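These notes are about the structure you will find just below.
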Amino acid sequence: MQHILLTGGSGFIGSNFVRFVLRHRPDCKVTNLDALTYSGNPQNLADLEEDPRYKFVHGSINDMELVQSLLPDMDAVVHMAAESHVDRSILDARPFVETNVLGTMTLLDAMRRVDPGNQKRFIHVSTDEVYGDLPLDQPNLKFNETTPYAPSSPYSASKAGSDMLVRAYHHTFGMNICITNCSNNFGPYQFPEKVIPLFVTNLIEGQKVPLYGDGSNVRDWLHVDDHCEAVLAVLENGAAGETYNIGGNNERSNLQLTHAILEVMGKGKDMIEHVKDRLGHDRRYAIDATKIKTDLGWEPTRSAWPAALESTVKWYIDNEPWWRNVKSGAYREYYNKQYARR
Ligand code: NAD
Ligand code: DAU
C-alpha cells in the first residue's frame, strides 16, 4: 500500500485530490496535513471522516517537529499547501513568503533528515504564473518547461522561490522530486474569492460580477479532476528532477468566461460591473502540455466547455449551504476591503 502525505488537503485542489486518489487507487492511503487557514475547510472532506484510508492532521508545514514525525510512515509527499490568491498577495505578501517559501523549505529539510537516501518522492505542485505572462497578440506563444521564470505578483514570486528551492534540493542533495506547473483550475469546493465561484455565487445571490479592467486577460481553464489525474501520473511515473506543465487547452478571455457563466445561469450582461483592474494584472497564461502527454500519456479529458462549466455551475447551485457558510464572517470583511478599493 502506498501512503501519501498530502499538504493542503483541506483546500480546493487538495480536497479534490484526496477524493480522486481514494476513488482511483484502492491500495492508497492519504494523510492530509493542513493548517486550516481561511481557505482550508474541514467541510470539504467531512464525508471521509470515517474512511480508514484517510487521516487528517491539523498543523502547519512550518512545524518541523510535526512534519518529521509524520514522514517515516510515508512513501511520498504531494505538496499543495500554499497561500494561493493573487489579490491577497497584493494586500499583504508576508504570509505568502512564510508559507510558500519557508514552509516548502521546512518540508524539504524534514525530508532530508528523515530520508537521507532519497527513497521517498516529493511532488511540488506549482503554477504557470511563475513564467510571467504572454502578449495577447501572439496566440501561438505558450509556456513550456524551459520558459524562463519571470513572476509578476507577490504570489507568483513566492511560488517561483519555492520551485527554485525544490530544484536546488534535487541538484544539491539528489532529492527525488518533480515539479508541476499548472494553469487555472475550476470545479467543486473552490474558495469563492477565485473568479468562477465568486461570479457564480454572486449571481445566485442576485449581485453583479466585478470584472477587472476590460476583461481581455486570458486564462487556460483546467478542470480540477484533470489536474488531480496529472499530479497522480507525475507521482507514479514522473522522472526525478523533472518539471511537467499541465494545462486544459482551454483558453478564454475573462470577458468570454463571464459571458459563458451568464449564459449558463440565464442572466443578462447588465450583471457585469467593470471595476478597477488588478495591479500588475498578467495578460495571458497558456500552457504547452506536450511533455506530459509524450512522456506520461496524460492529456485533459474533463475540461471542455460548455459541459465542464455547466457541471461546475450546477455544483454551486446544488451546494448553497457550503458556499454560504464560507461567504460569511471574515470572508465578508475581505470582500468589502478588496472591492471597496475598486
Ligand atoms: P487553496 O487556497 O484552496 O488551499 C490551500 C490549502 O493550504 C488550504 O487548505 C490551507 O489551509 C492550506 N495551508 C495554507 N498554509 C498552510 C500551512 N502553513 N500548513 C499547512 N497547510 C496550509 O489553494 P488551491 O487553489 O487548492 O491551490 C493548491 C495548490 O495548487 C497551491 O500550491 C497553488 O499554488 C497551486 N495551484 C493552484 C491553481 C488554481 O487554479 N487554484 C493552479 C495552479 C497551481
Ligand atoms: O494560473 C494558475 C493560478 O490561477 C493559480 O496559481 C492561482 O493559485 C489561482 O488563484 C489562479 O490565479 P488567477 O489570478 O488567474 O485566478 P483568479 O480566479 O483570481 O482570477 C482569474 C482571472 O479573473 C484573472 O485574470 C483576474 C480576473 N478576476 C478575478 C477576480 C477575483 C476578475 O476579473 N474579477 C474578480 O473578481
Side-chain angles (χ1 to χ4, degrees), residues 6-17 32-42 44-45 57-63 66-67 78-90 95-96 98-100 102-104 106-107 124-131 133 143 151 153 155-156 158-159 162-163 180-187 189-199 202 208-222 224 227 231 246-248 252-255 257-258 272-278 281-287 335 338-339 342:
L6 172 68
T7 71
S10 303
F12 162 49
I13 300 172
S15 59
N16 280 285
F17 187 74
N32 165 24
L33 171 62
D34 198 295
L36 298 182
T37 66
Y38 78 91
S39 70
N41 184 351
N44 296 358
L45 292 167
V57 177
H58 186 194
S60 172
I61 56 169
N62 280 301
D63 183 341
L66 173 63
V67 176
V78 175
H79 175 33
M80 294 193 181
E83 288 295 331
S84 67
H85 193 45
V86 173
D87 290 320
R88 286 187 192 252
S89 79
I90 294 167
F96 289 74
E98 285 171 353
T99 297
N100 301 357
L102 294 177
T104 301
T106 305
L107 281 178
H124 177 62
V125 175
S126 190
T127 170
D128 58 1
E129 298 195 14
V130 297
Y131 300 119
D133 72 347
F143 302 132
S153 71
Y155 162 70
S156 52
S158 70
K159 292 297 287 189
S162 66
D163 292 14
T180 60
N181 294 93
C182 180
S183 65
N184 286 60
N185 283 218
F186 67 103
Y189 298 105
Q190 188 166 30
F191 196 84
E193 63 189 351
K194 309 293 195 307
V195 72
I196 291 183
L198 175 67
F199 281 17
N202 270 15
K208 293 196 174 190
V209 297
L211 185 62
Y212 294 169
D214 62 4
S216 63
N217 307 64
V218 172
R219 299 293 184 263
D220 171 12
W221 291 99
L222 175 77
V224 64
H227 185 196
V231 170
I246 303 167
R252 297 282 190 285
S253 73
N254 292 336
L255 197 57
L257 164 71
T258 308
I272 299 176
E273 185 177 5
H274 286 275
V275 297
K276 200 170 139 205
D277 209 353
R278 174 184 279 174
H281 197 174
D282 281 340
R283 293 160 297 176
R284 173 173 167 251
Y285 307 138
I287 286 276
Y335 187 84
Q338 184 64 254
Y339 293 93
R342 299 180 186 277

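Start at 1 and go down the list; that is how both ligands and their atoms are numbered. Basis for what follows: all heavy atoms, side chains included, without hydrogens, waters or symmetry-related copies. Bear in mind the structure is a predicted one, so any value in this text is a computation, not a measurement. By convention here, the first residue in the shown sequence is residue 1.
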Any residue meeting side-chain hydrogen bond (donor to acceptor under 3.5 Å, both in side chains) with Tyr38, in chain and number order, not counting sequence neighbours
Arg88, Glu193

Residues Asp163 and Asn181: side-chain donor-acceptor under 3.5 angstrom:
yes

Answer with yes or no whether Phe186 contacts ligand 1, where contact means a heavy atom under 4.0 Å from a ligand atom.
no

Which residue owns the protein heavy atom closest to atom 38 (C) of ligand 1, what's the atom, and how far is it?
Ile13 CD1, 3.6 Å

Between Ser60 and ligand 1, is there a nitrogen or oxygen pair with a distance under 3.5 Å?
yes

Going by the angle between their ring planes, with limits at 30° and 60°, are Trp221 and Phe186 parallel, tilted or perpendicular?
perpendicular

Got a second to check how far Tyr335's OH is from Asp87's CG, nearest 0.5 Å?
11.5 Å

Shortest non-hydrogen contact from Tyr189 toward Ser15:
CB-OG, 4.0 Å

Please report whether ligand 1 has a polar contact with Thr37, defined as an N or O pair separated by less than 3.5 Å (distance criterion only).
yes

Which of the atoms of ligand 1 are close to Ser126, meaning less than 4.0 Å from one of its heavy atoms?
43 (C), 44 (C)

Would you check if there is a donor-acceptor pair between the side chains of Asn32 and Ser10 at a distance under 3.5 Å?
yes

For ligand 2, what N or O to protein N or O distances fall under 3.5 Å?
from: ligand 2; atom 1: 1 (O); to: Asp128; atom 2: OD1; distance (Å): 2.5
from: ligand 2; atom 1: 1 (O); to: Asn184; atom 2: OD1; distance (Å): 2.8
from: ligand 2; atom 1: 4 (O); to: Asn184; atom 2: OD1; distance (Å): 3.4
from: ligand 2; atom 1: 4 (O); to: Asn184; atom 2: ND2; distance (Å): 3.2
from: ligand 2; atom 1: 6 (O); to: Thr127; atom 2: OG1; distance (Å): 2.7
from: ligand 2; atom 1: 6 (O); to: Tyr155; atom 2: OH; distance (Å): 2.6
from: ligand 2; atom 1: 8 (O); to: Ser84; atom 2: O; distance (Å): 2.7
from: ligand 2; atom 1: 8 (O); to: Tyr155; atom 2: OH; distance (Å): 3.1
from: ligand 2; atom 1: 10 (O); to: Ser84; atom 2: O; distance (Å): 3.2
from: ligand 2; atom 1: 12 (O); to: Glu129; atom 2: OE2; distance (Å): 2.8
from: ligand 2; atom 1: 14 (O); to: Arg278; atom 2: NH1; distance (Å): 2.6
from: ligand 2; atom 1: 14 (O); to: Arg278; atom 2: NH2; distance (Å): 3.4
from: ligand 2; atom 1: 15 (O); to: Asn184; atom 2: ND2; distance (Å): 2.9
from: ligand 2; atom 1: 15 (O); to: Arg219; atom 2: NE; distance (Å): 2.8
from: ligand 2; atom 1: 16 (O); to: Asn184; atom 2: ND2; distance (Å): 3.4
from: ligand 2; atom 1: 18 (O); to: Val195; atom 2: N; distance (Å): 2.8
from: ligand 2; atom 1: 19 (O); to: Arg278; atom 2: NH2; distance (Å): 2.9
from: ligand 2; atom 1: 25 (O); to: Arg219; atom 2: NH2; distance (Å): 3.2
from: ligand 2; atom 1: 25 (O); to: Asn254; atom 2: ND2; distance (Å): 2.8
from: ligand 2; atom 1: 25 (O); to: His281; atom 2: NE2; distance (Å): 2.7
from: ligand 2; atom 1: 33 (O); to: Tyr212; atom 2: N; distance (Å): 2.8
from: ligand 2; atom 1: 34 (N); to: Pro210; atom 2: O; distance (Å): 2.7
from: ligand 2; atom 1: 36 (O); to: Pro210; atom 2: O; distance (Å): 3.3
from: ligand 2; atom 1: 36 (O); to: Tyr339; atom 2: OH; distance (Å): 2.6

Proximity winner for atom 5 (C) of ligand 1, if only heavy atoms of Ala82, Cys182, Ser84 are counted
Ala82

With heavy atoms only and a cut-off of under 4.0 Å, state how Tyr155 meets ligand 1: side chain, backbone, both or neither.
side chain

With atoms numbered from 1 as shown, which atoms in ligand 1 lie under 4.0 angstrom from a non-hydrogen atom of Gly59?
19 (N), 20 (C)

For ligand 1, which part of Phe12 has a heavy atom less than 4.0 Å away: the side chain, the backbone, both, or neither?
both

Mind checking whether Thr99 contacts ligand 1 via backbone (N, CA, C, O), side chain (CB onward), both or neither, at a 4.0 Å heavy-atom cut-off?
side chain

